[in-house]
Amino acid sequence: MKSCLVVDDSRVVRKVARKILEELGFACNEAEDGKQAMDICAGSMPDAVLLDWNMPVLSGIEFLRRLRKMTGGEGPKVIFCTTENDLAHIQEALSAGANEYIMKPFDSEIIQTKFQQVGLL
């Protein structure tokens, strides 16, 4: 079973994403900020990361930059899921190593499509 780490400071967003991903066959873990996500990845690298941009402690973009420098950190497919939808943010995310980009709000169909596009489904 593939694993996905859902990183978002909103508990509601984490729960909704987790429900969708579990229905798609993923084992899910959750983190409410980038620091928690780093700690989880240091213990066990997930197959995928669904990542918010704006979070306390460590932002999504900073988490992504650090993740890609970790041993094994090039492995997870990272899909940003955020309200930041201008071209500058999207380009910054992709150049930092994100694989895809989802705008909030999202639904099951959007997540399934993006996860298919990056080869997770």
Value for CZ (R66) from CD1 (I61), rounded to nearest 0.5 Å, stands at 12.5 Å
Are M70 and I40 linked, directly or through intermediate hydrophobic residues, by side-chain heavy-atom contacts shorter than 4.5 Å (ILVMFWY only)? yes
Which pair of non-hydrogen atoms, one from V7 and one from G34, has the smallest distance, and what is that distance? CG1-N, 4.4 Å
With a 4.5 Å cut-off on side-chain heavy atoms, are P46 and N29 touching? no
Is R65 salt-bridged to E92, cutoff N-O under 4.0 Å? yes
Return the minimal non-hydrogen interatomic distance between P105 and I110, and the atom names on each side. O-CD1, 4.4 Å
Single-linkage hydrophobic cluster M45~F26, side-chain heavy atoms < 4.5 angstrom: no
ILVMFWY network linking M55 to I90, side-chain heavy atoms under 4.5 angstrom: yes
side-chain contact (heavy atoms from CB on, under 4.5 Å) between L67 and V78: does it pass, once the steps are laid out? CA-CA 10 Å; L67 173 73; V78 176; 3.8 Å; yes
Heavy atoms only: give me the nearest E100-K114 pair and the separation to one decimal. OE1-NZ, 3.0 Å
K104 and side chain to side chain donor-acceptor pair (under 3.5 Å): which partner among T82, D8, N85, T83? D8
Applying salt bridge (Lys or Arg N to Asp or Glu O under 4.0 Å), run through R11 and E32 and close with a yes or a no. CA-CA 8 Å; R11 191 177 65 81; E32 63 185 43; over 6 Å; no
Could you walk me through whether F63 and D33 satisfy the side-chain contact (heavy atoms from CB on, under 4.5 Å) test, starting with their C-alpha distance in whole Å, then the side-chain angles of each, then the deciding distance to 0.1 Å, before giving a yes or no? CA-CA 9 Å; F63 162 80; D33 62 55; over 6 Å; no
hydrophobic_cluster_shared for L87 and Y101, side chain cutoff 4.5 Å: no
Is L21 close to L50 at the side-chain level, that is, under 4.5 Å between some pair of heavy atoms? yes
Interatomic distance, S95 atom OG to L64 atom CG [nearest 0.5 angstrom]: 9.0 Å
Within this structure, what is the CD-SG distance for the pair Q36 and C41, rounded to the nearest 0.5 Å? 11.5 Å
Once rounded to the nearest 0.5 Å, what's the spacing between atom OG of S59 and atom CG of D9? 11.0 Å
Is the W53 ring parallel, tilted or perpendicular to the F80 ring (thresholds 30°, 60°)? tilted
side-chain contact (heavy atoms from CB on, under 4.5 Å) between L51 and I79, worked out: CA-CA 6 Å; L51 182 63; I79 294 105; over 6 Å; no
Do K77 and V49 make a side-chain contact, defined as non-hydrogen atoms from C-beta onward lying under 4.5 Å apart? no
From S108 atom OG to L24 atom CG, the distance as rounded to the nearest 0.5 Å: 5.5 Å
Ignoring hydrogens and geometry, is there a side-chain-to-backbone donor-acceptor pair from D47 to S3 under 3.5 Å? yes
To the nearest 0.5 angstrom, please state how far the CD atom of Q117 sits from the CD atom of Q112. 11.5 Å
Given side-chain contact (heavy atoms from CB on, under 4.5 Å), test I111 with D107 step by step and report yes or no. CA-CA 6 Å; I111 287 185; D107 61 21; over 6 Å; no
Any ion pair linking E30 and R18 (charged N to carboxylate O, less than 4.0 Å)? yes
Single-linkage hydrophobic cluster, 4.5 Å side-chain cutoff, L94 and L120 together: no
Using modelled atom types only, decide if a donor and an acceptor are shared between the side chain of T113 and the backbone of E109 within a distance under 3.5 Å. yes
